[in-house]
Amino acid sequence: MSSTAELRGTAAPLEKTPLETYVPPAKPSLIGLSRAELAERLGEIGVPPRQQKMRVQQLWHWIYFRGARSFDEMTSVSKETRTGLAERFTVDRPEVVAEQISNDGTRKWLLRLPSGDALQKAHEVECVYIPETDRGTLCVSSQVGCTLNCAFCHTGTQRLVRNLTAGEIVGQVMVARDRLNDWADRETPHGNRLVTNVVMMGMGEPLYNFDAVRDALLIVSDNEGIGISRRRITLSTSGVVPNIARAGEEIGAMLAISLHAVRDELRNELVPLNRKYPIAELLQACRDYPGASNARRITFEYVMLKGVNDSLDDAKLLVKLLKGIPAKINLIPFNPWPGSRYECSDWEQIEKFSEYVFNAGYSSPVRTPRGRDILAACGQLKSETEKLSARERQALRAMAMTD
Ligand code: SAH
Ligand code: SF4
């Protein structure tokens, strides 16, 4: 259903169209390819079909288990195959252009992705690592910018530049393992890895980039490679209803829903996609989510906005709405960003809200803001990538010609 303002064309559209598409570099990376696709590439360099399965196993192990950064390192692969691969492909990940470390240990990486056009500003996304005592969580991006425009989210103010490829999504996990020296056989305080969990909660709406997100998460959870189990991967969506069931069937990760409001009128304003998929439809999709159970609850994220959605009446209605859904509620103190028009609820109010929800039988942890000093907390991510205007492009071309 469209609002009157939207029908009149005065409101921003609900869904933005990507400005760019991915243009592969001359020598593409093998990262992000499935086993079948790797076999095809091996065929292209002349590896006979009877050898392909074995070579794929080797490549998979080197790339996704050991984190090899060049074909040279892959000593169990024949020299001839390595040379053939290196002529046509790489195992490059997104390039780290900046690393910031928060005083609470959170790390944020700014990653550069190929833009396919030298006259174009590079495509950039952010990826955040949050260490905790019992786990280490990596917050991964799925789009440069976001299809949607939630009112309280910094990324939502950015234009949608493009969808990430599966390789660029898996590549973020690999960059984190590279930077943290977290590949095979590493001993750490919690098991043998620093990155133990992945959340699709960075820039972008993962369910508007479904295929790439699915292909990437299947690789991340493959236990002969990166090996982060699907129970430790959470996909967060603002409510793209038609793709929720698909996510359950084809990915099988844990589901988080960015609810943030319990009445359609307010949710239409905070999460404008609600005008297309209102609360009742969204909650029905949650009831039908394959694999949800008391042991595998759906997380409902609820950002605490002072005087907007944080009353006890809201808490009561929330509990009522979630009846019958195996749910937990994650209260997120609003993280401000330059130009944001909301304030974070008072701590006292967050506690009251949380207590009500808890007494009604729901786990209701308040998400401790992490990395606020480096703008790495929820909803604060935004990269500078925007498409250059025709005039800027012309000026750049002219400069290039006079060089
Ligand atoms: N697009 C997806 C995932 C990325 S956002 C989604 O919307 O679910 C990850 C979480 O951060 C979402 O719950 C989102 O609503 C929340 N968030 C966005 N901006 C925020 C802000 N400024 N403060 C706190 N949480 C925010
Ligand atoms: Fe996009 Fe999620 Fe931000 Fe909404 S909250 S604009 S869906 S990243």
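Computed from a prediction, not measured in an experiment: that's the story for all the values here. All residue numbers in this chain count up from 1 along the given sequence. For ligands, and for the atoms within them, numbers begin at 1 and follow the listed sequence.
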* Asked: About how many Å separate CG of L19 and CG of L160, when rounded to the nearest 0.5 Å?
  ->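 Between atom CG of L160 and atom CG of L19 there are 6.5 Å.
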* Roughly how far, to the nearest 0.5 Å, is the CG atom of L30 from the CD1 atom of I63? ->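 Nearest 0.5 Å value for the CD1-CG distance: 5.0 Å.
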Just distance, no hydrogens or angles: give the donor-acceptor pairs under 3.5 Å from side chains in residues 314-326, sequence neighbours left out.
residue : atom : partner : partner atom : Å
D314    : OD1  : R263    : NH1          : 2.9
D314    : OD2  : S311    : N            : 3.1
D314    : OD2  : S311    : OG           : 2.8

List every atom of ligand 1 that sits less than 4.0 Å from any heavy atom of [X], numbering the atoms from 1 in the order shown and giving each element.
X    : value
T237 : 6 (C), 8 (O)
F152 : 15 (O), 17 (N), 18 (C), 19 (N), 20 (C), 21 (C), 22 (N)
C153 : 18 (C), 19 (N)
W337 : 22 (N)
G204 : 1 (N), 2 (C), 3 (C), 4 (C)
N335 : 21 (C), 22 (N), 23 (N), 24 (C)
M200 : 3 (C)

* Asked: With a 4.0 Å cut-off, would you call D264 and R267 a salt bridge?
  ->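 The answer is no: the pair does not qualify as a salt bridge.
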* **E73/R66 salt bridge by N-O under 4.0 Å criterion** => no
* Taking atom 4 (C) of ligand 1 as the point of reference, which of C146, S236, G202, G239 owns the nearest heavy atom? -> G202
* To do: From the options H260, H154, E205, M201, select the one whose nearest heavy atom is closest to atom 14 (C) of ligand 1.
  => H260
* Asked: Is there a side-chain contact between V91 and W62 (heavy atoms, below 4.5 Å)?
  ->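 Side chain of V91 against side chain of W62, heavy atoms only: no contact under 4.5 Å found.
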* What protein N/O/S atoms sit under 2.8 Å from atom 1 (Fe) of ligand 2, by chain and number? ->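 Listed by chain and number: C146 SG.
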* Plane angle bin for F152 and H260 - parallel if under 30°, tilted between 30 and 60°, otherwise perpendicular ->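 Aromatic pair H260/F152 classed perpendicular.
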* Which residues satisfy the ring-ring contact (aromatic ring centres under 6.0 Å, His included) test with Y64, sequence neighbours excluded? ->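 With sequence neighbours excluded, Y64 shows a ring-ring contact (aromatic ring centres under 6.0 Å, His included) to W60, given in chain and number order.
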* To do: Give every residue pair that meets the ring pair (Phe, Tyr, Trp, His ring centres under 6.0 Å) criterion with at least one member in residues 211-256, sequence neighbours excluded.
  => none
* Asked: How about Y362 and F300: are their ring centres within less than 6.0 Å of each other?
  ->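 For Y362 and F300, the ring centres are not under 6.0 Å apart.
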